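Just so you know, these numbers come straight off a predicted model, no measurement behind them. Residue numbers start from 1 in every chain, and the chains themselves are labelled A, B, ... in the order their sequence lines are given, proteins ahead of strands.
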Protein chains: 4
Amino acid sequence: MGTTEQRVRRAAIELFAERGFHGTGIRDLAERAGLSSATLYHYMGTKEDLLVSIMRESLTRLVTAGERLPGASPQERVAGLVQLHVLTHAVQQEETRVVDDEMRSLTPARRAEVVALRDRYEALWQSAIDDGCSVGAFTVSAPRVARLALLEMCSGVARWYAPDGPIPLPELAVRYTEMALGLLGGAEVPPADVAGIRVLVDTVWASQN
Amino acid sequence: MGTTEQRVRRAAIELFAERGFHGTGIRDLAERAGLSSATLYHYMGTKEDLLVSIMRESLTRLVTAGERLPGASPQERVAGLVQLHVLTHAVQQEETRVVDDEMRSLTPARRAEVVALRDRYEALWQSAIDDGCSVGAFTVSAPRVARLALLEMCSGVARWYAPDGPIPLPELAVRYTEMALGLLGGAEVPPADVAGIRVLVDTVWASQN
Amino acid sequence: MGTTEQRVRRAAIELFAERGFHGTGIRDLAERAGLSSATLYHYMGTKEDLLVSIMRESLTRLVTAGERLPGASPQERVAGLVQLHVLTHAVQQEETRVVDDEMRSLTPARRAEVVALRDRYEALWQSAIDDGCSVGAFTVSAPRVARLALLEMCSGVARWYAPDGPIPLPELAVRYTEMALGLLGGAEVPPADVAGIRVLVDTVWASQN
Amino acid sequence: MGTTEQRVRRAAIELFAERGFHGTGIRDLAERAGLSSATLYHYMGTKEDLLVSIMRESLTRLVTAGERLPGASPQERVAGLVQLHVLTHAVQQEETRVVDDEMRSLTPARRAEVVALRDRYEALWQSAIDDGCSVGAFTVSAPRVARLALLEMCSGVARWYAPDGPIPLPELAVRYTEMALGLLGGAEVPPADVAGIRVLVDTVWASQN
DNA sequence: AATGAATGAGTATTCATTCAT
DNA sequence: GATGAATGAATACTCATTCAT
């Protein structure tokens, strides 16, 4: 069952994803983690601390994985990012939904730190897209908007993809790669190494913290 | 400034979009609407009634517009739906975000009604997609998944599109149409009548209730 | 019984005096005032706001009365201050004890305002004492210390004086006047107009706010 | 640094004096003593036990010292008590403030014991004063009130006296002796042996428990 | 139509204390 | 001797809602 702290984190991820931060009470968390609400406070600071910690860890992992992605050409880098993003959003659906949806629940002071991390991750996308545009590999006219549309599109996976459903994970990744490169315009789709990326995701998410 | 009831609805849409249903208090609503919290209750039932009413109205308008869309071929119907969806999500960003994000905040009893409306709307998409597949106009292998991915992609517009930004609304609609038909596979993009759809959107949203 | 707000203030004064600020719970206040603890919040801000407001009002009254005191010579001014202080501490025992004892319970931010008021009141004492020293009316060697000792001595009245006990109020005032002037050294005791000061006290405490 | 138990007592005296009994949490005590809050309970019973024990020890010492005071005449006995009281309140400011201020924080059951001790101490004062009145050495009309006023006046020293300030301890004691005997009326001030009393205070407070 | 007053149930968080290790 | 873990009861305060006026 893991350590108590892990149980608390899991409970928080599940409930924040299901009911939202403000819709989840401290009592709900305690019950789900199998603790009294007073004991909960041995394993966390405030409720917001817990949320921040979940977001920080998740985004840090994403940034780590993103920076370890292979691929030299802009097409390969975008393809890798899409596959990384889609795989994590398909495999860690609850966690990624919390990160994507609960930004607004953060106090301005705490939001800053988390936004900084997210910006660092999105900068990886932006630079890959911008490079592709410079080189003429992509023809999209508004690269900033393209980034937003792509991320929105890929993040959606966390809301509907069923791991045990009809679409195998690798196929999902390939399809999204095709869609993404199509959206960027005139780009040929590089050969995908989904398996390699899956290994990367598993590695990064296996590491403690 | 509109009737008091409209002020209440506007306040609710703004705050629910900004802070979420559970993050918005009755006093916040009252303050934003310029009323006392007791007076608020002259213009609404419970807080949940207000949310349901906003969602019902918005989804009803979307269904109405969706059913009035012209277009005979599957390609034309999908194109129309994409343009309708993108335009509404770009123009009515707050309202559509509330509809998309606050489903989980509904009590099971109330959720049923709203989900039924949403299902009715999504059925328009599904049938267009399915028809296209039957006829061989689309080659996508998993039509249900395609619907989900398309809706997710188009709904994202409400989260980032800036009406006063660099991309004009018609261009946005066209781009999304292209991306959507590309996603469905092997479909030629029919000529777009974005202006006509814009009129439809404005008409439906102008009507009271 | 007075307005509800007055009942809340009375309850707070009684309980803060009896059990201290930290020893008094919001439920205690509500019960004493005959309200539910939620209703209490219609009539106050936070518990600290209530304490500050009580202190501010009491000190403001004391300053007002102190500034209206007649008396030209240092002896007369000190005598007036002693009588004012003793009378208020004998008549408003609970309120003055709250002011004297609960300073430490204030948050630094709120403490500043209250301390400023108290300093303004004590400055009246200090200047009378200092003037007496300059003129040679008092022979005390450490005037600052004399002020502290005098205030401490006179404030003590609020802790033990029984209004229905053997010592009449005017006699109490006279005795303290004698002790105070003796403490300051070599001062002749001016004729006391305790009745006049009693009228002043009653006037200032009768006024709303 | 003394035994752990002494560290706990010192922490309690400091914090109870600074923030009051109800304003001091068990965690505050633990932190100040450099222990975990669980370990704290190896060195004390309940929080109230700790307070009672501090008060009992302090009052016991005061009674012990009071009973050992030399002096045959009522004037000498009062002078000795004043000097004892002033010296202890100047030297043990925090401890004496806790004793004086936190009586109200005690449960009725525990209060009885402590009040009994205090009464025993105050009885020393009362009998000296009463004897002086019987013999005609004092002319004060209300002896009980005189005791209260004297104690209040002398205890105030703990609230403002600065050991490193301009007034030397012996002078402070002499001044208070003069004030006290003046307050009692028509009493000549006996020669003071402040140094002797200081030795007594130091002896009694040096003894363990 | 509008609101001040009222509240029971709820909020997140801290309390003093115990106990197994 | 020391402590991490645990908790029931309490803390100050807010919630959505009702109602008399």
Side-chain angles (χ1 to χ4, degrees), chain A residues 3-5 7-8 21-30 33-51 107, chain B residues 3-5 7-8 21-30 33-51 107, chain C residues 3-5 7-8 21-30 33-51 107, chain D residues 3-5 7-8 21-30 33-51 107:
Chain A
T3 68
T4 305
E5 201 186 350
R7 282 206 338 268
V8 169
F21 180 71
H22 287 306
T24 302
I26 234 71
R27 285 163 169 84
D28 303 326
L29 280 173
L35 271 56
S36 80
S37 68
T39 304
L40 207 58
Y41 281 87
H42 260 278
Y43 299 96
M44 51 177 257
T46 65
K47 198 175 77 153
E48 190 179 23
D49 286 339
L50 184 54
L51 174 59
T107 290
Chain B
T3 68
T4 305
E5 199 187 351
R7 286 214 326 277
V8 170
F21 179 72
H22 287 305
T24 301
I26 231 73
R27 284 166 167 83
D28 301 326
L29 283 173
L35 271 56
S36 79
S37 65
T39 305
L40 212 57
Y41 281 87
H42 268 275
Y43 299 94
M44 51 177 258
T46 67
K47 198 173 82 150
E48 190 179 24
D49 287 340
L50 182 55
L51 174 60
T107 292
Chain C
T3 69
T4 305
E5 201 188 351
R7 280 202 344 264
V8 170
F21 179 72
H22 287 306
T24 302
I26 233 71
R27 286 164 167 83
D28 304 326
L29 280 173
L35 271 57
S36 81
S37 68
T39 304
L40 210 57
Y41 282 87
H42 260 277
Y43 299 96
M44 51 177 257
T46 65
K47 198 174 80 151
E48 190 179 24
D49 286 340
L50 183 55
L51 175 59
T107 289
Chain D
T3 68
T4 305
E5 198 185 352
R7 285 213 328 277
V8 170
F21 179 72
H22 287 304
T24 302
I26 230 74
R27 283 166 167 83
D28 301 325
L29 283 172
L35 270 57
S36 80
S37 64
T39 304
L40 209 59
Y41 281 87
H42 268 275
Y43 299 95
M44 50 176 259
T46 66
K47 197 174 82 153
E48 189 178 24
D49 287 340
L50 182 56
L51 174 59
T107 291

Looking at residues at least two apart in the chain, or sitting in another chain, which of them share a ring-ring contact (aromatic ring centres under 6.0 Å, His included) with B:Tyr41?
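Not a single residue meets the ring-ring contact (aromatic ring centres under 6.0 Å, His included) criterion with B:Tyr41.
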Inset, instruction - Check side-chain hydrogen bond (donor to acceptor under 3.5 Å, both in side chains) between B:Glu48 and all other residues, then give those that pass, not counting sequence neighbours. - result: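 By the side-chain hydrogen bond (donor to acceptor under 3.5 Å, both in side chains) rule, B:Glu48 matches B:Thr107.
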Legend entry - All side-chain hydrogen bond (donor to acceptor under 3.5 Å, both in side chains) counterparts of D:Thr4, not counting sequence neighbours: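 With neighbours one apart ignored, the set is empty.
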Identify the pairs formed between an N or O of the protein and an N or O of nucleotides 10-12 of chain F at a distance under 3.5 Å, and give each distance.
{"unit_1": "F:dA12", "atom_1": "OP1", "unit_2": "C:Thr24", "atom_2": "O", "d": "3.4"}
{"unit_1": "F:dA12", "atom_1": "OP1", "unit_2": "C:Lys47", "atom_2": "NZ", "d": "3.1"}
{"unit_1": "F:dA12", "atom_1": "OP2", "unit_2": "C:Ile26", "atom_2": "N", "d": "2.9"}

_Approximate separation, where rounding is to 0.5 Å, of D:Leu50 CG and D:Glu5 CD_ =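 One finds 9.5 Å between CG of D:Leu50 and CD of D:Glu5.
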**Message:** Would you compute the distance between atom CG of A:Leu51 and atom CE of A:Met44 and round it to the nearest 0.5 angstrom?
**Reply:**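 Output value for this atom pair is 10.5 Å.
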Name the pairs: protein N/O against N/O of nucleotides 1-3 of chain F, kept only if under 3.5 Å.
{"unit_1": "F:dA2", "atom_1": "OP2", "unit_2": "D:Tyr43", "atom_2": "OH", "d": "2.3"}
{"unit_1": "F:dA2", "atom_1": "N7", "unit_2": "D:His42", "atom_2": "NE2", "d": "2.7"}
{"unit_1": "F:dT3", "atom_1": "OP2", "unit_2": "D:Thr39", "atom_2": "OG1", "d": "3.0"}

ask   = Can you name the residues that form a side chain to side chain contact (heavy atoms under 4.5 Å, CB included) with A:Thr24, not counting sequence neighbours?
value =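 With neighbours one apart ignored, the set is A:Leu15, A:Phe16, A:Arg19, A:Asp28, A:Leu29.
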| message | Testing the basics here: between D:Ser37 and D:Ile26, what is the closest heavy-atom pair and its distance to 0.1 Å? | response |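 Reported closest heavy-atom pair: CB-CG2, 3.9 Å.
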- [ ] Might you point out which heavy atoms bring D:Ala30 and D:Ser36 nearest each other, and give the distance in Å?
- [x]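 So the minimum-distance heavy-atom pair works out to CB-C, 3.8 Å.
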(message) I want to check something: taking the side chain as every heavy atom from C-beta on, are B:Phe21 and B:Lys47 in contact at a cut-off of under 4.5 Å?
(response)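 In contact.
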**OP:** Check whether any side-chain heavy atom of D:Leu35 sits under 4.5 Å from a side-chain heavy atom of D:Arg7, and report yes or no.
**Re:**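 Yes, close enough: below the 4.5 Å cut-off.
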For DNA chain E, the expected dot-bracket line (Watson-Crick or G-U under 3.5 Å, [ ] crossing, | inter-strand) is .||||||||||||||||||||
At the 4.0 Å heavy-atom cut-off to chain A, mark where contacts on DNA chain E begin and end, going 5' to 3'.
->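 Counting from the 5' end, contacts occupy E:dT11 to E:dT14.
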